Amino acid sequence: MTPAKHSSSRGHRLIVVSNRLPVTIKRGPRGPESYRSTGGLVAAFEPTLTTHGGVWIGWPGTDLRGDEELTGPEDPYAIEPVPVSRAELKRYYDGFANGTLWPLFHSFPTQTVFQNRDWETYREINDRFAEVVGSVAERGDRVWINDYHLFLAPDAVRARRGDVPIGFFLHIPFPPYDIYRLLPWSTEVLVGLLGADLIGFHVKGYVRNFLDCAKRHLQAKVDRRRGTIELDGRTIQVAAFPLGIDFQSFEAMAESAPESPLHHGEQIILGVDRMDYTKGIPHRILAFARLLEKHPEHRRHVTLLQVAVPSRSEVPEYRYLRREIDELVGRVNGRFATASWNPIRYLYRSVPQNKLAGLYRDADVAIVTPLRDGMNLVAKEYVACQVRNPGVLILSMLAGAAETMEEAVQVNPYDVEGTADSLHMALTMPTAERQRRLDALRNRERASDVHVWATDFLESLDRARKLSRPRAATVTA
Ligand code: ADQ
C-alpha cells in the first residue's frame with residue numbers, strides 16, 4: 001500500500017496498532033467485504049482517527065490474497081492489514097500470547113507454557129507489525145501500540161522510525177517481579193517495551209510492578225515518584241491511565257432497551273464474561289451454591305444468570321474450563337432446582353450490546369469476580385446501565401477496576417464463604433445505600449470515560465516525547 005493513500009494534511013495523524021483490526025471480513029462473490037466493528041477500543045480511537053486522520057494496523061482475522069484492500073472511499077480512516085498465516089497464528093497468538101503471556105501476566109504460572117518455537121514466531125510477527133508501521137508512518141504522526149501481543153513492537157518501530165512518538169498501552173495486569181522473572185525472555189520483553197516513549201497501564205499497582213522489574217532486571221535508573229526510567233540515554237515515562245467505557249452510549253442503550261425477559265418475580269444476579277479461567281466463573285458458582293445453603297430463604301427467590309461468550313477455544317485450558325462449568329451448573333441445578341425454579345440460567349454465547357444493556361439495567365446484582373483482571377469493563381458497563389431501580393455491584397478486589405470503584409461491594413474471589421456472605425448482603429441491602437453507592441460509581445465513570453482516557457494518553461505521549469529525546473535525557477532520580 002502506498003503511503004500517499006493514507007496521507008493527510010490535518011497533521012498529527014494517529015497510527016493505532018493492535019493485534020486485531022476492528023473489522024470482520026466476509027467473503028462474497030465480489031471478494032472480501034469488511035464490516036467495521038464497534039466496541040470499547042473503537043470508541044476510544046475513532047474520534048481522534050476521524051478528526052486528525054490516521055491508520056489502524058492489525059491482523060484482519062483472515063487471509064487476504066494479493067493486493068486485496070479493506071478500506072473503502074467512505075471510511076473515516078484507513079485500515080492496514082498485517083498478514084499472519086494460520087501456522088504463525090498458532091504459535092504467535094494461541095501459543096506465545098495466549099499460552100505464555102496471558103496466564104503468566106495474570107499470575108497463573110502453573111498454567112503457563114514456555115515454548116521456544118512460539119517465542120521465535122512471536123518475535124517475527126512483532127517485527128512484521130513494526131515493518132508495516134515503519135512504511136505507513138509519516139513525520140508528525142503518533143504511534144499507539146496496544147497490548148501483550150505486541151510487546152516487542154515499540155523497540156522494533158523505534159529502530160525503523162526514531163522520528164515518531166511511540167506510546168504503548170497494556171490492557172492486562174503487569175505482574176510482580178517474582179512472577180515476571182519466570183519468563184525465559186524477560187529481558188527481551190522489557191527492552192522491547194522500553195522502545196516506547198510512554199508506557200501506560202490501567203492502574204498504579206501495575207506501574208509499580210513494571211518499574212520494579214525495570215530496576216531489578218535491567219538495573220535501569222528508576223524515579224518512582226515521577227514514573228520515569230532512564231535507559232541508554234533515553235527517559236521513558238510510565239503512568240496509569242484507567243480505561244473507562246463509552247458511558248453515554250451504554251446509558252442511552254439502557255434507557256431505550258426493551259424490557260428484558262429476566263424477572264419472574266425473583267431477584268437476578270448477573271454474571272457477564274468472556275469464557276476465560278481468569279474470570280473466576282467456577283468460584284462464583286460455588287459461592288452462589290453456598291449462599292443457597294446458608295440462606296435457604298433465597299431459594300426460589302433468586303436466580304444467577306451467567307452469560308459467557310465463547311473465547312480462545314483453540315487453547316486446551318479454555319476447553320477444560322467449559323466442561324468444568326457445564327458440570328458445575330448441572331450439579332447446582334440438580335441439587336437445588338424445583339419444578340418451577342432453576343437456580344442458574346446459563347447462556348454460552350455472545351449477546352448483542354443493546355440486549356446486554358437491558359440485562360445490566362434489570363439485574364439486581366452484578367457479580368464481577370475475576371481471579372485477576374487488567375481492568376474489567378463489565379463492572380463499568382453495569383453501573384452505566386443502572387438507570388432504574390438501583391442495583392449492587394459485587395467486584396473482585398483482584399480486578400484493576402477495584403482500585404477506583406471503591407463503593408462496590410469488594411470481595412476476594414477465592415473466598416467462597418466471604419463471597420456468599422457478600423451476595424446475601426447485596427440481595428438485602430436497603431435502597432438508600434444502594435442508591436448512594438451507585439451514584440458515586442456512576443458519577444466517577446461518567447467523568448472518566450473512554451474519551452477522557454484516549455485524550456489523557458495522547459497528551460501524555462506528547463509530553464513524554466519531549467522528555468525521552470536523548471538530548472533531554474538528563475533527568476535524574
Ligand atoms: P476482557 O478480558 O475481554 O478484556 P472486559 O474488560 O470485561 O474483559 O471486557 C469484556 C467485554 O466483552 C465487555 O465489553 C463485555 O460487554 C463484552 N462481553 C462479555 N461477555 C459478553 C457476552 N456474553 N456477550 C456480549 N458481550 C460480552 C481485556 C482485559 C480487561 C480489560 C479490557 C480492556 O482482560 O481486564 O478491562 O481488555 O482493556
Side-chain angles (χ1 to χ4, degrees), residues 16 18-20 22 37-45 97-98 101-108 144-149 168-175 200-203 205-206 240-247 249-250 253-254 257 260 270-281 284 305-312 315 318 321-322 325 345-361 363 366-385 393 395-396 398-405 445 448-450 453-454 457:
V16 177
S18 65
N19 167 58
R20 195 67 171 79
S37 7
T38 51
L41 282 195
V42 179
F45 299 133
N98 289 329
L101 295 173
W102 177 270
L104 191 69
F105 277 54
H106 284 85
S107 298
F108 289 96
W144 185 343
I145 302 168
N146 286 272
D147 229 357
Y148 61 101
H149 314 90
F168 181 94
F169 185 81
L170 183 64
H171 292 263
I172 65 172
F174 196 91
F201 298 95
H202 280 302
V203 297
Y206 310 153
F241 300 88
L243 177 59
I245 56 163
D246 193 346
F247 188 94
S249 139
F250 271 97
M253 277 192 289
S260 60
L270 176 66
V272 174
D273 308 81
R274 258 186 330 95
M275 171 68 92
D276 196 297
Y277 53 84
T278 59
K279 301 293 180 183
I281 303 173
R284 178 184 309 171
L305 173 62
Q306 176 64 52
V307 191
V309 60
S311 178
R312 303 179 195 168
V315 181
Y318 289 74
L321 174 72
R322 188 181 166 196
I325 294 175
R345 279 188 258 164
Y346 171 50
L347 311 184
Y348 178 60
R349 70 185 79 120
S350 175
V351 175
Q353 234 180 23
N354 62 332
K355 282 216 172 114
L356 199 56
L359 294 179
Y360 283 141
R361 179 194 62 203
I367 182 154
V368 182
T369 47
L371 304 177
R372 189 76 62 167
D373 214 333
M375 174 55 82
N376 194 292
L377 299 182
V378 168
K380 301 190 170 203
E381 293 167 5
Y382 176 71
V383 304
C385 291
L393 172 64
L395 179 60
S396 162
L398 301 173
E403 200 174 292
T404 51
M405 300 182 87
E445 293 312 319
S448 45
D449 70 1
V450 69
W453 174 79
F457 187 90

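All ligand and atom numbering here is 1-based and tracks the order in the structure. These figures come from a predicted structure and were not determined experimentally.
Between V272 and ligand 1, no N or O atom pair is found at a separation short of 3.5 Å.
Between D449 and K380, every side-chain heavy-atom pair lies at or beyond the 4.5 Å cut-off. Between P242 and M375 the shortest side-chain heavy-atom distance falls below 4.5 Å. Proximity of R372 to P173: side-chain heavy atoms (C-beta onward) are separated by under 4.5 Å at one or more points. Side-chain contact check for P370 versus N376: some heavy-atom pair is nearer than 4.5 Å. Counting only heavy atoms from C-beta outward, the side chains of L270 and L359 approach each other to under 4.5 Å.
Regarding atom 23 (N) of ligand 1, its nearest protein heavy-atom neighbour is R349 O, 3.0 Å. Scanning the protein heavy atoms around atom 25 (C) of ligand 1, the nearest turns out to be V351 O, 3.1 Å. Nearest protein heavy-atom neighbour of atom 30 (C) of ligand 1: D373 OD1, 3.3 Å. Among all non-hydrogen protein atoms, the one lying nearest atom 36 (O) of ligand 1 is N376 N, 2.9 Å. Of all protein heavy atoms, the one closest to atom 29 (C) of ligand 1 is H171 O, 3.5 Å.
Numbered from 1 in the order shown, with element, the atoms of ligand 1 that lie under 4.0 Å from a heavy atom of G374 read 35 (O). The contact set between ligand 1 and H202, taken as ligand atoms under 4.0 Å from a residue heavy atom, comprises 31 (C), 38 (O). Near L356, with a cut-off below 4.0 Å to any heavy atom, the atoms of ligand 1 are 16 (O), 26 (N). The E381 neighbourhood of ligand 1 comprises atoms 13 (C), 14 (O), 15 (C), 16 (O), with distances under 4.0 Å to a heavy atom of that residue. Heavy-atom proximity to V378, at under 4.0 Å, picks out these atoms of ligand 1: 7 (O), 15 (C). Taking every heavy atom of V307 and a limit of under 4.0 angstrom, the matching atoms of ligand 1 come to 23 (N).
To the nearest 0.5 Å, atoms CD1 (I325) and OH (Y348) are separated by 9.0 Å. The distance from the CD atom of E381 to the CD1 atom of I245 is 5.5 Å, given to the nearest 0.5 Å.
Taking 4.0 Å as the cut-off, Y360 counts as a neighbour of ligand 1 on heavy-atom distance. Heavy-atom separations between W102 and ligand 1 include at least one value shorter than 4.0 Å.
At a heavy-atom cutoff of 4.0 Å, ligand 1 is contacted by no atom of I245, backbone or side chain. Contacts between L243 and ligand 1, counted as non-hydrogen atom pairs separated by less than 4.0 Å, involve the side chain only.
The aromatic ring centroids of H202 and F169 lie less than 6.0 Å from each other. Taking the six-membered ring for Trp, Y277 and F108 have ring centres closer than 6.0 Å.
When the heavy-atom distances from atom 9 (O) of ligand 1 to D147, D276, V309, L377 are ranked, the shortest goes to L377. With distances taken over non-hydrogen atoms, the option nearest atom 8 (O) of ligand 1 out of M375, R274, K279, M275 is K279.
In summary, of the residues considered (F168, Y206, F174), a ring pair (Phe, Tyr, Trp, His ring centres under 6.0 Å) with F201 occurs for F174 alone.
Shown here, atom 4 (O) of ligand 1 is out of close reach of the protein: none of its heavy atoms lies under 4.0 Å off. Protein non-hydrogen atoms do reach within 4.0 Å of atom 21 (C) of ligand 1.
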### Query
Given L371 and H106, is the side-chain contact (heavy atoms from CB on, under 4.5 Å) satisfied, shown in steps?
CA-CA 8 Å; L371 304 177; H106 284 85; over 6 Å; no

